[in-house]
Amino acid sequence: MDYYIDIKVLPDPEFKETVLLNALFSKLHRALGQVTEGRVGVSFPDCKKFLGDRIRLHGTQADLTKLMDANWLQGLRDYSHQTEIKKIPDKVSYKIVRRIQAKSVHNKRKRSVAKGWLTETEAIQKIPDTQQKMLRLPFLQIKSLSNGNAMRIYVEHSKDLEGAVAGTFTSYGFSSTATVPWF
């Protein structure tokens, strides 16, 4: 994982930056699942309270070339700018970029009833709405390919780590153990 590409969404009077970033990530998600087989990681170098306007792809030169040759940016080229494939700088730290999920109260109740642990009435009483955890992380909002519903992908960047950890990445480009270079 010694190369990277930055893809930045461009300002547009018709679309918000977040809408374009969500569309870009949605297309990237499909391409990562089909082309890279867990070898390309994703980070958001401008991430603060929001993810920013730039996605950074991390991988080998061969994997990044294969991904970009897949033409997954079709339809978004006018709304984004991509850099050439570049070598990462000599001095970097590393981060784990992962997806964070919090089970909804509705899903907890539904599962408790389906498993026979509780009746519907008991589930409502024993699993109150106040148990819902509110995540305060930046997120992407994409449409689920399986059911068409809008879903949020909450993203967490770890603290800086000194060494690289090899591993595989999901079709979102995230991992709970593998690191990406951070610079």
Side-chain angles (χ1 to χ4, degrees), residues 1-10 17-73 76 79-103 133-146 151-183:
M1 186 156 297
D2 46 356
Y3 287 85
Y4 74 98
I5 297 173
D6 279 345
I7 303 173
K8 181 179 174 83
V9 296
L10 301 173
E17 175 184 285
T18 54
V19 171
L20 292 172
L21 190 71
N22 291 338
L24 181 71
F25 189 81
S26 185
K27 284 187 165 243
L28 174 63
H29 165 55
R30 287 190 287 270
L32 286 175
Q34 295 171 358
V35 177
T36 65
E37 300 167 4
R39 293 186 307 266
V40 171
V42 173
S43 69
F44 300 87
D46 302 321
C47 182
K48 302 265 188 277
K49 187 175 182 182
F50 299 100
L51 290 172
D53 61 358
R54 187 168 42 141
I55 296 175
R56 181 169 286 162
L57 308 177
H58 306 268
T60 64
Q61 188 170 20
D63 283 329
L64 293 175
T65 300
K66 183 178 177 183
L67 176 64
M68 298 315 285
D69 286 349
N71 200 24
W72 62 273
L73 272 171
L76 287 174
Y79 302 100
S80 63
H81 174 265
Q82 68 192 44
T83 64
E84 297 296 318
I85 297 173
K86 297 180 182 180
K87 188 144 180 61
I88 64 166
D90 291 333
K91 298 226 178 211
V92 297
S93 59
Y94 295 88
K95 287 187 184 277
I96 294 172
V97 181
R98 64 186 184 133
R99 178 181 181 188
I100 301 293
Q101 292 178 278
K103 295 203 185 314
K133 290 182 183 174
M134 295 302 293
L135 295 176
R136 300 198 189 286
L137 292 170
F139 63 88
L140 296 149
Q141 187 158 321
I142 64 173
K143 187 190 275 189
S144 168
L145 296 176
S146 61
M151 57 187 260
R152 287 186 175 180
I153 309 292
Y154 289 91
V155 180
E156 178 183 72
H157 290 74
S158 73
K159 294 181 180 180
D160 287 358
L161 305 170
E162 290 192 27
V165 177
T168 58
F169 297 90
T170 66
S171 62
Y172 293 114
F174 303 143
S175 176
S176 58
T177 56
T179 58
V180 294
W182 188 258
F183 50 97

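Everything quoted here is computed from the prediction, not taken from an experiment. Basis for what follows: all heavy atoms, side chains included, without hydrogens, waters or symmetry-related copies.
- Contact annotation: the side chain of K95 approaches that of D160 to within less than 4.5 Å [non-hydrogen atoms, C-beta and beyond].
- When every heavy atom of G33 is checked against every heavy atom of S171, the shortest pair comes out as CA-CB, 3.9 Å.
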message = Applying side chain to side chain contact (heavy atoms under 4.5 Å, CB included) to W72 and L24, what does each step give before you reach the verdict?
response = CA-CA 9 Å; W72 62 273; L24 181 71; 3.9 Å; yes

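- Between the CD atom in E156 and the CG atom in L137 there is a gap of 6.0 Å [rounded to 0.5 Å].
- Atom CG of L51 is separated from atom CD1 of I153 by 11.0 Å, given to the nearest 0.5 angstrom.
- Note that the OH atom of Y154 and the CD atom of Q141 stand 8.5 Å from one another [nearest 0.5 Å].
- With values rounded to the nearest 0.5 angstrom, Y172 atom OH is found 4.0 Å from H29 atom NE2.
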| task | Would you sort out whether Y94 and M1 count as a side chain to side chain contact (heavy atoms under 4.5 Å, CB included), showing the intermediate values? | result | CA-CA 11 Å; Y94 295 88; M1 186 156 297; over 6 Å; no

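- From W182, atom CH2 reaches atom SG of C47 across 6.5 Å, with rounding to the nearest 0.5 Å.
- Between F44 and H157, the ring planes are perpendicular. Angles over 60° get that label, and only those under 30° would be called parallel.
- Formation of a donor-acceptor pair under 3.5 Å by the S175 side chain with backbone atoms of T168 is found in this model.
- The shortest heavy-atom contact between V97 and S43 is CG2-CB, 4.0 Å.
- The closest donor-acceptor contact from the side chain of T179 to the backbone of V165 lies under 3.5 Å.
- Between D53 and L21 the shortest heavy-atom distance is C-CD1, 4.4 Å.
- Closest of all the heavy-atom pairs between M151 and R99 is CE-NH2, 3.7 Å.
- When the options V180, L32, V155, I7 are evaluated for a side chain to side chain contact (heavy atoms under 4.5 Å, CB included) with V42, the one that passes is L32.
- Considering only heavy atoms from C-beta on, D63 stays 4.5 Å or farther from V35 through its side chain.
- By the neighbour-count criterion of 12 heavy atoms within 6.0 Å, atom NZ of K159 is sparsely surrounded, having that number or fewer from other residues, nucleotides or ligands.
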Q. L67 and L28: side chain to side chain contact (heavy atoms under 4.5 Å, CB included), yes or no, with the steps?
A. CA-CA 9 Å; L67 176 64; L28 174 63; 4.2 Å; yes

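- A side-chain donor-acceptor contact under 3.5 Å links S158 to the backbone of I96.
- In terms of heavy atoms, K27 sits closest to L76 at CD-CD1, 3.6 Å.
- K8 contributes atom NZ, which lies 11.5 Å from atom CZ of R56 (distance to the nearest 0.5 angstrom).
- Of all heavy-atom pairs spanning F169 and V40, the tightest one is CB-O, 3.4 Å.
- Atom CZ of F183 has more than 12 heavy atoms from other residues, nucleotides or ligands within 6.0 Å.
- Ring centers of H58 and Y4: at least 6.0 Å apart, outside the cut-off.
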